[in-house]
Amino acid sequence: MWAISPEERGKHDQKFDTLSPSMGYITGEQARTFFLQSGLPAQVLAEIWALADLNKDGKMDRLEFSIAMKLIKLKLQGTPLPSTLPIIMKQTPVSLSGLNNPNPAYGISSSSSSPLMKFLMSAVPSDWAVPQSSRLKYRQQFNILDKQMKGYLSGLQVRSAMATTLLSQTQLASIWNLSDVDKDGNLKAEEFILAMHLVDLAKSGQPLPSLLPPELIPPTLRYTDNTLTSLKIYFIFLVSFEDKFKANVEQGNAELVKRRLALLEAERKEKERKAQIEKEEQERKEREAREAEERRKKEEELRLERQRELERQREEERQREMERKEAAQRELERQRKEELEKRRRSDLQKKKEQEQNEIIKLKAKKRSLEMELEAVVKKERQWQEKLRRDEEERQRKLREEREAKQREEEEKERQALIQAAMEQAERAEQRKREEEERRRREEEERLRAEERRRQEEERRRLEEERRKLEEERKKLEEERRQEERRRKEEEERRRKEEEERHRREEERKRFEEEERRREKEEEERRRQRAAEAALRDAETRRKQEEEERKRKQEEERRKKEDEDRKKREEEKRRLQQQEEEKKRLIDFFSCRISCSGGQPKATQHRKSAALTSFKALYPFTPRNNEELSLNEGDIIEVDETTEKEEGWLYGSRQGKMGWFPESYVERVGPSTSVENSAATPAKMPLQAQLSNASKSAFTPTHSLGSAPSETHGQATVSLLAQALCSWTAKTDNHLNFNKDDVIHVLEQQENWWLGELNGDRGWFPKTYVSVLGEDDSSKERLCCFFVALYAYKSPQAGDLTFTEGDMILVSKREGEWWNGSTGDRTGLFPHNYVKPKEADVRTPSMHSSTHNRLFTSKMIVAQVIKAHSSAVPEQLNLEVGQLILIFHKNPSGWWLGELQARGKKRRKGWFHCSNVKVLSSNSGKSTPAPQPVCQVIAMYDYTAANKDEMSFSKGQLINVLDKNDPDWWKGEVDGVTGLFPTNYVKMTLDTEPSQQWCSDQTSLDLLSPLEKKRQGYIHELMDAEEKYVDDLQVVLEVFHKPMSESGRLTDSEMAMIFVNWKELLACNTKLVKALRVRKKTTGENMPVQMIGDILAAELSHMQPYISFCSCQINGASLLQTRTDNEPDFKEFLKKLGTDYRCKGMPLSSFLLKPMQRITRYPLHIKNILDSTIEGHADRGPLKEALERAEELCQQVNEGVREKENSDRLEWIQNHVQCDGPAENLVFNSLTNCLGPRKLLHSGKMYKAKSNKELWAFLFNDFLLLTHAAKQFSSSGPDKLFSNRNNVQLKMYKPPVLLNEILAKISDSSSDEPTFQITHIDRVYVLKTENINERTAWVQKIKAASEEFIETELKKREKAYQGRSIKVSGIGRLLVTILEATELKATRPNGKSNPYCEVNVGAQVFTSRTLNDTLNPKWNFSCQFHLKDLYQDVLCITISDRAQFSPDEFLGRTEIPVATIKKEMENKGSVTRRLLLHEVPTGEVWVRLDLQLYASR
């Protein structure tokens, strides 16, 4: 009864195969679904599972499945289940064809087959010489090779598996003959294990047996001698003794047989003993081999560990070296700052002493002036009348000048209107097209609005339907009670169906015999199809091998052609090098010959290329090999004429070139870089020098008449050079000259200079000339003169203040702020407040044998009469008797000149006029320079009425030379000396910048130095904030309002450029008002005690800066595009920028101020915090304000990055045709489980075989491969995302989820940049442009895939932990989700992919997903442990499974456990239909079974 027949086992195996086993096993969920079809209760099935699961591993193999099926069959027939599994059910059924149909002549009836089978099964030996570990290992390998689950391997499959064993063909053939026991040409699982075991024996050096020993025969394919003997004896006893005579005759024969069998038994035992000895020897060898292998593995692991340790030590050493370098750099920077601070303090101390001396003198003279005041008042009345007449005359002249200027302006405006009318006629057609485009956009907007209205109406309609559904739900509740009554009737019907099922079971038994016959026929057909498939596979492999051979031949031919081509190119390159070497020698000797008098011809020349220097504000890490890495503070050279992507620049740094974001840098100033230029012409061929120099030096970008300081090289001031030998121009932009010619140098680059000779300009090597009277240091060459366009006043310490027209010596130019000096003042100032000084016109001599100098026609020379030691590098060290060539006289008494010291290099700098005397231009008589008595500042404009008077304007500084007359003093302004009235001026009183906030010296003296510094920083912040708010207001009044009223820009364009400018103004206005109130509360000249609380409160409300900085790049690019493409718009902005409040700055500079301002807050607050003593009440709020300022900067940076990612995702949405995926793919949206979608990497790659060009996009949840509809070129991924790029991409393959792929480098030693992407059962072999790009792709795919898998793993672990928590509750609830009906459709095909999630508290269970259905039948069961009868609630949520977006909600319903208990009322399990809430349609059927513990 309990034995499983071979026919039953065959049927069970067929059912087992239909369940799609994995690795020879089926999961508990698969078995449960299948077993529930029998109709047995779940408890009975659980008992059957416990009996059939022999090894308690939670899954079933074929034997366990067959046992379970047998038990189910017996249970359905009414047989009770055994307490323990019978042993006979654990044995494999054996089919003996010779015993199934016994010969009737021997009298063996069919009824005796069952005892015979039991006898045979007990007689078959169960031991096998193959070790258990080998069985498991090779069984797993067999399952891997048997992909189609046929149960055997063909000869080709076994051959491919054994090809890696490195055994000879003879050995492999012998192994095949031994292992193919049943000689059917295929290897079953045990035969394959035997074959691999024989391979291991051959590898270990043991000889292969000629015949297979009995202990190696698989148990299912062998019968021992004992078995055969027992069979014979069995048959003898079963034979009927009809013929007594024969029995007597054969007794003797039986005895002989008995003796023969005894001899055979002895022989067999001897063989078994020998086999046992051989087996022990074999096991010993295997054990030694395993031990040797383990030792080898341990040694290999130790070696790898040592290698990793060495790499770790090297990495740590490299990190320590980098840290040491950074520490050294920080130390150098700290020392430099300390030196600058000491120098500044010494300057301030000297200035303070000088001012105190002046104050003492002024106080002494104050008393005398008070006595003379009465006389001055009397004379004042006499001068009032004269001044009134003079003022009327001056006003008349000013009116005439204004009228003349007005007429001139009207004439210019008239010309401009004529020009604008002409341009307007040309642009009429363009505006017409724009108007049509605007109408088209308006029509689209109208259609979208109608669509939105339609959707709103649809939503209202759905709401109405929902209300109706609510009313119907009440009706359904009534129907539920009726359903209960129907349920009872249904149970009665089921009882009748059970009786009908028993009847059908009887009929099924009758049909089983017919089914067996059909199965045999099907098996025969299957074998035939397998043989045909094997033949087809062999033919396919042969074709593939032929194609592979042809491909290899083609690759070898291509490699040979490439090698030949490389050899030809190498030969050509070698010949070119020889030719260039010859030219270099010819040039060298021609230079030597030209030194003796050769006369070259002059040619026309061009100027250098325009390169612009930028300074990195933030570090930038490149994402591919076409981007340039930046560190904070790096200087990058950019050729702005290069075609570029919006928001990106292409430049070079330290010999490396690439793309970088424009928002990460700021413009420093123009410079020119000549890379890889030769030091001398003799070091490398001339053509190579010219090719290198032409990269930056020989492309014309501006006119010849521009000032040298406007070029991108280093501008020079009166630098003369003398030719050492002749130089002949090699191109049309070179300069010809002869030996001893004097050249006026206009621009200096690394190895090439731009010069002028005899009216011709051109480039020449600097090694062919020597400098006349000029310091060769780079610092001197950088110094040049500029003239102030506007007056600049700054309260910040370290800034340089000057008035309009002052001469400034610039020593350093970095970005928008330069370093310079005027007189005794040195500091920083904005570069757009000055313009280059026009160079003096000098006339060089044609040829001179002496080394005379070339000066201007009028020179002023002074002689030092008093020695002076300079305190700053911009001033000159003077010694008595030295001569100075004067360039400029400052009204403050400080002159600019060049020291003419014999035997020393000439140096330019500032010096005070009191230390020198001016020499006349004739006999050398000197006129001592008058020394100023004091310095005053003009309060009003004054125009000279007589020749002995001088004119000046308001705000000018006047050096007082004589004060003898109390009413009229003698002074000097800009080199002009004359008389001026004393009531038009006032005395100057400069104070230390840190003390300018307080005019009361007594109050200042009461403060400590640290507190003075703190108050200086506080008032510096207040003043800077006031000016910043003024700038924001200026933008609204000067730019925003006229641009909005002009109609040149649409509202969307205005919003894109100015973003939320008014919100920024509101934020900072509130901050300024709070600071003003705090200052007013403390007093005008009193120190501010608390400021941190205001900053901490206001910085927390500056979130509008995040939006502005994120969108500022798009606004700047739009403004730049409109300016470049529309000249009238450019002129319009330029005209707006002429407003005096703009101080010469364009709109683009103002738009950068919010970004710059937000980064200065941490600096201001840190300075105040550093100057605040410990224990101060303001220290805590300042720390909080510093944290909020730094957090705000981080949020701004993150917002900029998110905006860039969003823009790129929108570009992909508009340019990639998503036709493949089943769901509507929206790129700029949320992923299924990873949050917002991010673009991690993108670029171009190729298919390895076909070389097809692909564009790949790696997101944080999937990889997308596309190809262009038509070929296009791109220099990088950022070019791809350009708004000007209208390329359309198509999906090459459906998106590949990252949790399903594996990326690896196919061959790391190969030079080909190829790698593999494995997706389930497909492999993509891709190729990048270089090795670095391949490495970047593989690393980024691996990192993203690991993050995806880790996120899913955490999600599953969380659900598992919620279910596995052991709780001692009041009972348990068994829930079976049967089905759902009329769910909401979410797919374009009107279907959904629903799954169900059931939870009670933290216990969560999820069903499988059913695709393309609105009525899913899950039949899904789960069990919950209950804690509280009145608190626990059963929640059922149904969602639509999505791959590339969050799962869509399809409905939710809840039912309290207390309600379940009330409805059950000891009636057993109940089935309920629950309506889904929050959706218009849908319901779910569940079966509930509540079991409460008795103790509770």
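Keep in mind it's a predicted model, so treat the numbers as computed, not measured. Side chains are part of it too, since the values below use all heavy atoms of this structure and drop only hydrogens, waters and symmetry mates.
Under the side chain to side chain donor-acceptor pair (under 3.5 Å) criterion, Glu437 pairs with Arg440, not counting sequence neighbours. Residues satisfying the ring pair (Phe, Tyr, Trp, His ring centres under 6.0 Å) test with Tyr1105, not counting sequence neighbours, are none. Every side-chain contact (heavy atoms from CB on, under 4.5 Å) that Glu456 has, sequence neighbours left out, goes to Arg459, Arg460. Contacts of Glu548 classified as side-chain contact (heavy atoms from CB on, under 4.5 Å), with partners at least two apart in sequence or in another chain: Arg551, Lys552. Remark: Glu1352 engages Asn1299 in a side chain to side chain donor-acceptor pair (under 3.5 Å) (not counting sequence neighbours). Shown here are the ring pair (Phe, Tyr, Trp, His ring centres under 6.0 Å) partners of Tyr1324, two or more places apart in sequence or in another chain: there are none.
No more than 12 heavy atoms of other residues, nucleotides or ligands lie within 6.0 Å of CZ in Arg1322, so this atom counts as exposed by the packing criterion.
Counting heavy atoms from C-beta outward, Trp1418 and Ile1438 have side chains that approach closer than 4.5 Å. The closest side-chain heavy-atom distance from Arg1122 to Glu1053 is below 4.5 Å. Between Asn1260 and Arg1237 there is a side-chain heavy-atom pair separated by less than 4.5 Å. Using a 4.5 Å cut-off on side-chain heavy atoms (C-beta onward), Leu1476 and Phe1449 make no contact. Residues Met1043 and Leu1133 are in side-chain contact: their nearest non-hydrogen atoms beyond the backbone lie under 4.5 Å apart. Residues Ile636 and Leu649 are not in side-chain contact: their nearest non-hydrogen atoms beyond the backbone lie 4.5 Å or more apart.
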Step-by-step side-chain hydrogen bond (donor to acceptor under 3.5 Å, both in side chains) determination, Tyr1292 to Lys1252
CA-CA 10 Å; Tyr1292 176 68; Lys1252 181 180 180 64; over 6 Å; no

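A cation-pi contact, defined as under 6.0 Å to the ring centre and within 45° of the axis, links Arg1441 to Tyr1395.
Ring geometry for Phe1227 versus Phe1262: interplanar angle of 30 to 60°, hence tilted.
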